[in-house]
Amino acid sequence: MTDTATRDRIDAEVKANEVVLFMKGTPVFPQCGFSAATVQILSYFGVKFSSVNVLEDADIRQGIKEYSDWPTIPQLYVKGEFVGGCDIVREMAESGELPQLFREKGVAFTEAA
Amino acid sequence: MTYAERIQQRLTEALSPETLEIEDQSHLHKGHVGARPEGETHFHVRIVSAAFAGQSRVNRQRNVYKLLRAEMDERVHALALETLTPEEAAG
């Protein structure tokens with residue numbers, strides 16, 4: 001189980017950033033194809049996001065799975081709300097739901113041409 | 001039983017899917033974190049089931065992950081999931 005301190009750290013991270021991606025590696029050097037794909041989608045929309053490299057912190061890596069009851073990484077959060085993993089983000093990007101979500105939540109992004 | 005067969009059995013029992021496609025994509029992830037020489041670590045799973053009706057994408061996938069928890073713990077590193085209702089699949 002995750003201790004309270006870890007949970008609080010995750011919670012603070014999620015709430016302090018408009019858009020935050022828990023991922024393996026960094027946006028510049030992703031260390032997993034699914035994380036890389038999610039970074040690419042966010043970059044495509046020109047969204048500013050912060051990222052947390054779960055490979056650097058075993059507590060966060062385990063804790064984030066319990067935080068949202070979601071067993072895999074990456075995980076995308078927008079305005080404190082869990083959006084989904086790579087497949088969901090991709091589906092939402094393709095269907096137009098992702099830009100719609102950014103619009104509704106007041107997150108700045110670039111409208112695709 | 002292979003992991004693909006276990007996945008098939010669990011999802012079939014729980015979701016009575018109209019369509020269930022399980023593709024082992026482990027070869028695409030060779031050498032990556034979570035990959036194993038013996039394979040069966042990465043699967044693409046397409047499920048069309050009426051059981052998904054009225055559920056958000058997040059909850060659909062949450063349920064699938066819960067059903068496959070043992071497989072994920074033991075061996076499977078990642079799933080690429082498509083979770084559709086029959087109406088969505090037809091659309």
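No hydrogens, no waters, no symmetry mates; every other heavy atom, side chains included, goes into these values. So that the names make sense, note that chain A is the first sequence line, chain B the second, and so on, each numbered from 1.
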Can you find a heavy atom in the side chain of [X] that is under 4.5 Å from one in the side chain of [Y]?
X: B/V45; Y: B/V64; answer: no
X: A/V78; Y: A/V47; answer: no
X: A/F109; Y: A/L98; answer: no

B/L11 to B/L20 - nearest heavy-atom pair and separation: CD1-CD1, 3.9 Å
B/L28 versus chain A, the contacting section by heavy-atom distance below 4.5 Å: neither
Under 3.5 Å: donor-acceptor pair, side chain of B/E40, backbone of B/A4: yes
Shared-cluster residues of A/F34, by chain and number - hydrophobic side chains joined below 4.5 Å: none
Pairs table: donor-acceptor atoms between chain B and chain A closer than 3.5 Å:
unit_1, atom_1, unit_2, atom_2, d
B/R57, NE, A/E91, OE1, 2.5
B/R57, NH1, A/E97, OE1, 3.0
B/R57, NH1, A/E97, OE2, 3.0
B/R57, NH2, A/E97, OE1, 3.1
B/R62, NE, A/S68, O, 3.4
B/R62, NE, A/D69, O, 3.1
B/R62, NH2, A/S68, O, 2.8
B/Y65, OH, A/T72, OG1, 3.4
B/K66, NZ, A/D69, OD2, 2.8
B/L81, N, A/D87, OD2, 2.6

